2 protein chains.
Amino acid sequence: MPEDCRPIGNLLSRIGDKWTILVMRVLERNEAIRFKELHRAVGGISQRMLTVTLRNLERDGLVIRTVYPTIPPRVEYALSERGAGLQEAMMPLFTWTRENAKDIYQSQIAFDLAKEDPVTAR
Amino acid sequence: MPEDCRPIGNLLSRIGDKWTILVMRVLERNEAIRFKELHRAVGGISQRMLTVTLRNLERDGLVIRTVYPTIPPRVEYALSERGAGLQEAMMPLFTWTRENAKDIYQSQIAFDLAKEDPVTAR
DNA sequence: CGGCATCCAGGGCGATACTG
DNA sequence: CAGTATCGCCCTGGATGCCG
C-alpha cells in the first residue's frame, strides 16, 4: 500500500497544467503584481486562462488576491506563505529539469528516430 | 528574463499528467517489473494509458524497457539512472504535498463556500 | 501476455465580445 | 483595468477489438 497518491497526483496535475508553473515563476520574484503586469510577464496566456489559473491558486490558498475598489479597479496578486513553501519544494525539480532538459531532449530525438527508422536507413 | 520556463512546463505537465506519478511511484520500489504487474499495481489505469505513459517515460530515457522474445512474451520495466534522479528531485514536492494536502483541501472548501454564499446565508 | 489501432465522449483551452 | 460569458475546437483518455 504505497499510501494514497491521488491527492499528490491531483495537485501535481494542477501544478503541471499548462500555466500554473509559469505564473508561479513570475510571482516568485514579485511581492505584489497587478493582473495586467502578470498578463504581460507570463506571455502567451489568454486573459481567460490567467484568470482561471489565478482562481485555482487562490482557491488552494497559494496566492493572495487583493482588490482595491478604485476606478479603474486595481487587483494585486501575491504569493502566500503556503505558496512560497510550494515554490521552495519545487526548486529541486526545477533544478533537475534544467540540468536534464537537454539530455531528455536528445533521448527523445533518438527514440523518435529509432522508431520511424529502425535500421539506420532512409 | 526569467529564463525559459517552457521546457520545465512541458516536463512538469507530463510528470503531472494523470498517470505518470503513479507509475513512477510503483517503479520506485521495484527493480524490474512486468507490464501486467504494473497494471495491477497501479490500479484503475487502462491498458492503453499504461502503454502510453510507459512509452513517454521510455522516450525521455527515464525508464528502461526490456523485451524477452519468449512465448509468451515477457516485457520488463525498470527505472533508469535518470529516472531515479527525477524521483529524488520529486521527493520534496511529494513531502510538501503530503504535508499540505489537508490544509489545501480546507482552503478549497472555504473558498467554494464563500463563493456560493458570500454572506453566510442560505 | 504485451500492446497497437480504432472509435467516441468529456473537458481543457483559446478567441471573442460584453460588464462594472 | 479586471473579469465574466459564450462558443467551438482539439486533445486526452476510456472501451473495445485485433495482432505477434
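Convention: sequence-line order gives letters A, B, ...; per-chain numbering from 1. Here the structure is a predicted model, which means the values were calculated and not measured.
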CA sep, side-chain torsions, deciding dist, call: Leu38(B), Leu27(B), side chain to side chain contact (heavy atoms under 4.5 Å, CB included)
CA-CA 8 Å; Leu38(B) 217 51; Leu27(B) 287 174; 4.2 Å; yes

Arg55(B) vs Phe111(A), side chain to side chain contact (heavy atoms under 4.5 Å, CB included): CA-CA, chis, key distance, verdict:
CA-CA 10 Å; Arg55(B) 276 295 172 284; Phe111(A) 185 89; 4.1 Å; yes

Between atom OH in Tyr77(B) and atom P in dC1(C), what is the gap in whole Å?
15 Å

Reported CG-to-CG distance for the pair Leu86(B) and Leu57(B), which is rounded to 0.5 angstrom
8.5 Å

May I have the distance from Arg40(B) (atom CZ) to dG2(C) (atom C1'), rounded to whole angstrom?
14 Å

Interatomic distance, His39(B) NE2 vs dG2(C) P [rounded to whole Å]:
10 Å

I'd like to know if the side chain of Thr53(B) and the backbone of Met49(B) have a donor-acceptor N/O pair within less than 3.5 Å.
yes

Within 6.0 Å of CD in Glu88(B), more than 12 heavy atoms from elsewhere
no

Establish whether Phe94(A) and Tyr105(A) are linked, either directly or via other cluster members, by ILVMFWY side-chain heavy-atom contacts under 4.5 Å.
no

Start and end of chain B contact along DNA chain D [non-hydrogen atoms, under 4.0 Å]
dG13(D) to dG20(D)

Ignoring hydrogens and angles, tell me if any N or O in the side chain of Asp17(B) forms a donor-acceptor pair with the backbone of Thr20(B) under 3.5 Å.
yes

Start with the C-alpha distance between Arg82(A) and Trp96(B), add both sets of side-chain angles, then the distance that settles side chain to side chain contact (heavy atoms under 4.5 Å, CB included), and finish with yes or no.
CA-CA 10 Å; Arg82(A) 192 185 294 167; Trp96(B) 183 90; 3.8 Å; yes

Leu79(B) CG to Met24(B) CE distance, which is reported to the nearest 0.5 Å
5.5 Å

Step-by-step side chain to side chain contact (heavy atoms under 4.5 Å, CB included) determination, Phe35(A) to Leu54(A)
CA-CA 10 Å; Phe35(A) 186 89; Leu54(A) 287 169; 4.1 Å; yes

Please write out the pairs of protein N or O atoms and N or O atoms of nucleotides 12-16 of chain C separated by less than 3.5 Å, giving the distance to one decimal.
residue: dG14(C); atom: OP1; partner: Lys18(A); partner atom: NZ; Å: 3.4
residue: dG14(C); atom: OP1; partner: Trp19(A); partner atom: NE1; Å: 3.2
residue: dG14(C); atom: OP2; partner: Trp19(A); partner atom: NE1; Å: 3.2
residue: dG14(C); atom: N7; partner: Arg48(A); partner atom: NH1; Å: 3.3

Stretch residues 56-70 of chain B: residues that reach within less than 4.0 Å of DNA chain C through a heavy atom:
Arg65(B)

